[in-house]
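Note on naming: letters A, B, ... go to the chains in the order of the sequence lines (proteins, then strands), and numbering restarts at 1 for each one.
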2 protein chains.
Amino acid sequence: MMATATPRPGGRSARVQQAVHEAVRALLEEHGGDRAALSVPVVAERAGVNSSTIYRRWGDLPRLLAAVASNRMLPEQVEDTGTLEGDMQAWFVPYVEEFSSSLGRQVLRDMLADGAVTRDYFALMQGHVEEIRNLARARGETAPAAQEIIDVVVAPVIYRILFNHESAPELRVRDRIARLLRPEETSADPED
Amino acid sequence: MMATATPRPGGRSARVQQAVHEAVRALLEEHGGDRAALSVPVVAERAGVNSSTIYRRWGDLPRLLAAVASNRMLPEQVEDTGTLEGDMQAWFVPYVEEFSSSLGRQVLRDMLADGAVTRDYFALMQGHVEEIRNLARARGETAPAAQEIIDVVVAPVIYRILFNHESAPELRVRDRIARLLRPEETSADPED
DNA sequence: CAGCTTAATGCAGATTATTCGCTTTAGGTG
DNA sequence: CACCTAAAGCGAATAATCTGCATTAAGCTG
């Protein structure tokens, strides 16, 4: 996923990548997400790989962490639940659960450190929003523009996770989706 | 600003901090914002300061960069222009100009790497929003909740800067503010 | 399927960054 | 003015990073 497009993707190269990714995940787990406990040599040893391999493939620790983060935060697949509101919830609620935990926020931060990875990841998210929107339109539902969905639902939630450290219940994702899609009906409708 | 609250803020300590901050800014300038050109020893030499001083005070390069970033991106002061819409524009437009440039985005990213600095900075921004809102209410204007201002204006703009690399004109900040404050009048009102 | 080609890895030495204990400096205080 | 102490300087020890060269194994060719 979002992997370096290697000319030789099979075999050893892939095994090394997997070993390194797993080593990072395991080490973060063991040290309660404490980045200070990680270093390239430590990851290398755990992965059974030479340090210089990591430097060559990922450049430095932050970029390795960003790669692991974007891999770990694998975008949900869009799923057809029959309604736009259902699709939006099925798609976005799991994201928020992932990202809003203390660990998820840290992983998100790791990803943000790498501009290219971040951009790819969020482009993919936007693609999913467009997919969901197209499903709705094919069904005959009216659907807001993808940009509006992002402005009203996605952006405020990501912003609050990142800058306010809000938890999933505080974020009221279902409520935000409902307000966007059914503005008349939903004036005061707390969900937690 | 947001400085380590030093028990002894005057004198040498302050001079060192200033020298180091200036060294970082100058070096970034010289190398076109290329982070790879910076290292703690390089900054130390330019600042005329010992490397170990930097390690002790800031911990590592990313945290130093975050400190410099939050210092550089000094929040605008709230200014009473007579109307809520004017105050919002006077306050937020300069932010967007700063942040949305390629250099500003990089600086924002530097800041985001440090959770504590980020949180302080955005808490300060939120305080300003509340100040603006209180000014408006004191004037007798009706004003949206601070949370709503952030959800509708601030969050989408920051999100798009960070994840879509949008430029200031694309972000249509004045338009966003107008739509929030005068929802009836503004249906289609491109500003660029 | 043996032999060839080459990207990717391993290895070891050189370089550079980071840490640490100790000494020195200079604001603040009585 | 002498004392106290947080912060800075210094240098040696440790650790991380980079680099050139040797080795490995995946993909290709015949």
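In this model, the phosphate group of D:dG9 is not approached by any side-chain N or O of B:Ser52 to a distance below 4.0 Å at OP1 or OP2. Taking only side-chain nitrogens and oxygens, A:Arg15 comes nearer than 4.0 Å to OP1 or OP2 of D:dA26. Dashed line: the shortest gap from a side-chain N or O of A:Ser13 to OP1 or OP2 of C:dA8 is not under 4.0 Å. A close approach under 4.0 Å does not occur between any side-chain nitrogen or oxygen of B:Arg56 and OP1 or OP2 of D:dA7.
For the pair B:Asp60 CG and D:dA16 C1', the interatomic distance rounds to 14 Å; values are reported in whole Å.
Salt-bridge annotation for A:Glu85 and A:Arg182: present, with a side-chain N of the basic residue lying under 4.0 Å from a carboxylate O of the acidic one.
Atom CD of A:Glu30 sits in a crowded spot, with more than 12 heavy atoms from other residues, nucleotides or ligands closer than 6.0 Å.
Between A:Asn50 and A:Val42, it is A:Val42 whose nearest contact on DNA chain D lies nearer the 5' terminus.
In terms of polar N and O atoms assigned as donor or acceptor, the side chain of B:Arg12 comes within less than 3.5 Å of the base of C:dT25 in a complementary pairing.
Taking only side-chain atoms of A:Pro41, from C-beta outward, the nucleotide of D:dA7, D:dA16, C:dG10 with the closest atom is D:dA16. The side chain of A:Val49 lies closest to C:dG10 when the candidates are C:dG10, D:dA8, D:dG9.
At distances below 3.5 Å, not a single donor-acceptor pair connects side-chain atoms of B:Ser100 with backbone N or O atoms of B:Ser167. With hydrogens and angles disregarded, no donor-acceptor distance shorter than 3.5 Å links the side chain of B:Arg160 to the backbone of B:Ile158.
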